Amino acid sequence: MKLTIKTPAKINLFLEITGRRPDGYHNLESIMQTVSLYDELDFELSDSISISLAPCGRGQGEGLPLDDNNIVIKAAKSLKENFNIQKGVKITLKKNIPLGAGLGGGSSDAAAAIKALVKLWDIKAEKEKLNKIAAKLGADVPFFLTGGAALCEGIGEIVTPLRNSALSLVLANPGFGVPTPSVYKKVKLPFTNTQKIDKIKNLINEGSFNVDNAKEACFNRLEDFVLNDYPEIKKIKDVLASSDCASFMSGSGATVFGIYQSEDREKIETELKKYSWSYWFVETLPSF
């Protein structure tokens, strides 16, 4: 038996840090949204657990560990241990979502592994238990079990689905990653101008969130700790903003997304072609 799953990237439409936990992690208020840039994973029954990379463009996946440090392998082994599974799985990953990009590619792949192996290994489990396993793998993994738009709180493990917004977006990546731990080390609390999530959450749930109000409603606190150190990321943000996009960094970078009106696509692409950045035109996705 073999399963193939396409697993999407995400963007952060809103990201505020609300506090620091005793364990050193930060509490967040974030609105995440899946978009139509995908990794692809093949799962095939085997005697052991392994992962390999399929050929893909732009050198994606270069430097990705293929041992027990790989989050997909961790997901498979966690399920095997939790449910006393005697089978293995051979996983082939076609990596299209860039590494260290703020797009959640690794977390999305781990969630895909959980969903695929529940089917492949015939696991009977309540969603609550799968969510707990997902949360131990990474803060964004529980979100990717459902996708769509969601309010994510705590370190990201508390997921509340929101109404989906149909948006056209462009993702632009400078060709390098930003290490998330190094960004959070720069965070100094408390903030004097904490941003409130209510405005964008209400716009989304009312079905009135669009490119015009996104410019005021979207927010990413981590831009304060990234843009000064990575001028290329700020350049992308400025280029997209000058093309009439609502432009914001996703997660801790390095990808910037732009929400745009469909008639502006040609103008945006003409501008992006002047640079060596990778870019993708994508759409928002509903929940799975």
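Worth saying up front: this structure is predicted, and the values here are computed from it rather than measured. Heavy-atom basis, side chains included; hydrogens, waters and symmetry copies ignored.
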Within the 4.5 Å heavy-atom criterion, are L117 and K80 side-chain neighbours or not? no

Interatomic spacing from OG in S30 to CD1 in I197 - rounded to 0.5 Å: 6.5 Å

Does any pair with a residue in residues 222-235 pass salt bridge (Lys or Arg N to Asp or Glu O under 4.0 Å), and if so which ones, sequence neighbours excluded? K186-D229, R221-D224, E223-K237, K234-D238

In terms of side-chain heavy atoms, does N213 have a donor or acceptor partner in K215 at a distance below 3.5 Å? no

For this output row, return yes or no: ring centroids of Y279 and W277 closer than 6.0 angstrom. no

Show your reasoning for whether side-chain contact (heavy atoms from CB on, under 4.5 Å) applies to M32 and I11. CA-CA 6 Å; M32 296 203 285; I11 57 168; over 6 Å; no

Chi angles and distances behind the side-chain contact (heavy atoms from CB on, under 4.5 Å) call for T7, E40: CA-CA 6 Å; T7 183; E40 188 173 302; over 6 Å; no

Determine the minimum heavy-atom distance between N210 and D212, stating which atoms define it. OD1-N, 3.0 Å

Atom CD of Q261 with >12 non-hydrogen neighbours under 6.0 angstrom: yes

The complete set of salt bridge (Lys or Arg N to Asp or Glu O under 4.0 Å) pairs with one or both residues in residues 161-178, sequence neighbours excluded, reads none

Taking a hydrophobic cluster as the set of Ile, Leu, Val, Met, Phe, Trp and Tyr residues connected by side-chain heavy atoms closer than 4.5 Å, whether directly or through intermediates, do I158 and I200 fall within one such cluster? no

OG1/T255 to CG/N173 distance, rounded to the nearest 0.5 angstrom? 4.0 Å

Is it the case that more than 12 heavy atoms not belonging to E263 sit under 6.0 Å from its CD atom? yes

Let me know which of I259, L169, I268, V256 forms a side chain to side chain contact (heavy atoms under 4.5 Å, CB included) with C245. I268

Any ion pair linking D23 and R21 (charged N to carboxylate O, less than 4.0 Å)? yes

Would you say NZ of K267 has more than 12 non-hydrogen atoms from neighbouring residues, nucleotides or ligands within 6.0 angstrom? yes

Could you see if I91 belongs to whatever hydrophobic cluster contains L79? Use Ile, Leu, Val, Met, Phe, Trp, Tyr and a side-chain cutoff under 4.5 Å. yes

When rounded to the nearest 0.5 Å, the distance separating CD1 of I85 from CD of E81 is 12.0 Å

Who are the side-chain hydrogen bond (donor to acceptor under 3.5 Å, both in side chains) partners of D47, not counting sequence neighbours? none

Surrounding CG of N228 (heavy atoms of other residues, nucleotides or ligands, distance under 6.0 Å), is the total greater than 12? no

Cation-pi check, R265 to Y260: give yes when NZ or CZ is under 6.0 Å from the six-membered ring centre and within 45° of the ring axis, no otherwise. no

Can you name the nearest heavy-atom pair linking A149 to N164, along with the distance? N-OD1, 4.0 Å

Any D39 side-chain heavy atom under 4.5 Å of K6 side chain: no

Minimal non-hydrogen separation, A172 against L272, with atom names: CB-CD2, 4.4 Å

Got L93 and D42 here, is their nearest side-chain heavy-atom distance under 4.5 Å? no

Does any pair with a residue in residues 98-123 pass salt bridge (Lys or Arg N to Asp or Glu O under 4.0 Å), and if so which ones, sequence neighbours excluded? K95-D109, D122-K124

Gap between atom CD of Q195 and atom CD of E16 - 0.5 Å precision: 6.5 Å

Could you check, using the six-membered ring where one of them is a Trp, whether F248 and F14 have ring centers closer than 6.0 angstrom? no

Passes side-chain contact (heavy atoms from CB on, under 4.5 Å), Y275 versus V239? Steps please. CA-CA 10 Å; Y275 304 91; V239 166; 3.7 Å; yes

Kindly say whether the aromatic ring centers of Y25 and Y184 come within a distance under 6.0 Å. no

Between atom CG of D67 and atom OG of S50, what is the distance when rounded to the nearest 0.5 Å? 12.0 Å

How far does SG of C152 sit from CD1 of I31, to the nearest 0.5 angstrom? 9.0 Å

In the single-linkage hydrophobic clustering (I, L, V, M, F, W, Y; side-chain heavy atoms under 4.5 Å), do I236 and F225 co-cluster? yes

Between N27 and R20 (side chain of the first, backbone of the second, donor and acceptor by atom type, cut-off under 3.5 Å), is there such a pair? no

Please walk me through it: do S168 and E283 pass side-chain hydrogen bond (donor to acceptor under 3.5 Å, both in side chains)? CA-CA 5 Å; S168 296; E283 307 293 329; 3.2 Å; yes

Residues in side-chain hydrogen bond (donor to acceptor under 3.5 Å, both in side chains) contact with K274, at least two apart in sequence or another chain: E271

Is there side-chain contact between L145 and N131, with heavy atoms separated by less than 4.5 Å? yes

CD of E206: more than 12 outside heavy atoms within 6.0 angstrom? yes

With sequence neighbours excluded, tell me which residues meet side chain to side chain contact (heavy atoms under 4.5 Å, CB included) with A75. A110, A113, I114, L137

Hydrophobic clustering (ILVMFWY, side-chain heavy atoms < 4.5 Å, transitive) - are L120 and I133 grouped together? yes

Which atom pair, heavy atoms only, marks the closest approach of V178 to A254? CG2-CB, 3.8 Å

Contact between F257 and L167 at the side-chain level, heavy atoms closer than 4.5 Å - yes or no? no

Residue pair I51 / F43, side-chain heavy-atom distance below 4.5 Å: no

Kindly indicate, with the supporting measurements, whether the criterion side-chain contact (heavy atoms from CB on, under 4.5 Å) is fulfilled by T34 and T284. CA-CA 6 Å; T34 45; T284 51; over 6 Å; no

If every non-hydrogen atom of G258 is compared with every non-hydrogen atom of L240, which pair is closest and at what distance? N-CD1, 3.9 Å

Is there a continuous path of hydrophobic side-chain contacts, each under 4.5 Å between heavy atoms, that joins V141 to L130? yes

Where is the tightest heavy-atom contact between G251 and N220, given as atom of each residue plus distance? O-ND2, 2.9 Å

Under a 4.5 Å cut-off applied to non-hydrogen side-chain atoms, are L53 and L64 in contact? yes

Are K74 and D68 within salt-bridge range, i.e. N to O under 4.0 Å? no

With no hydrogens and no angle check, do the side chains of Q86 and N84 hold a donor and an acceptor under 3.5 Å apart? yes

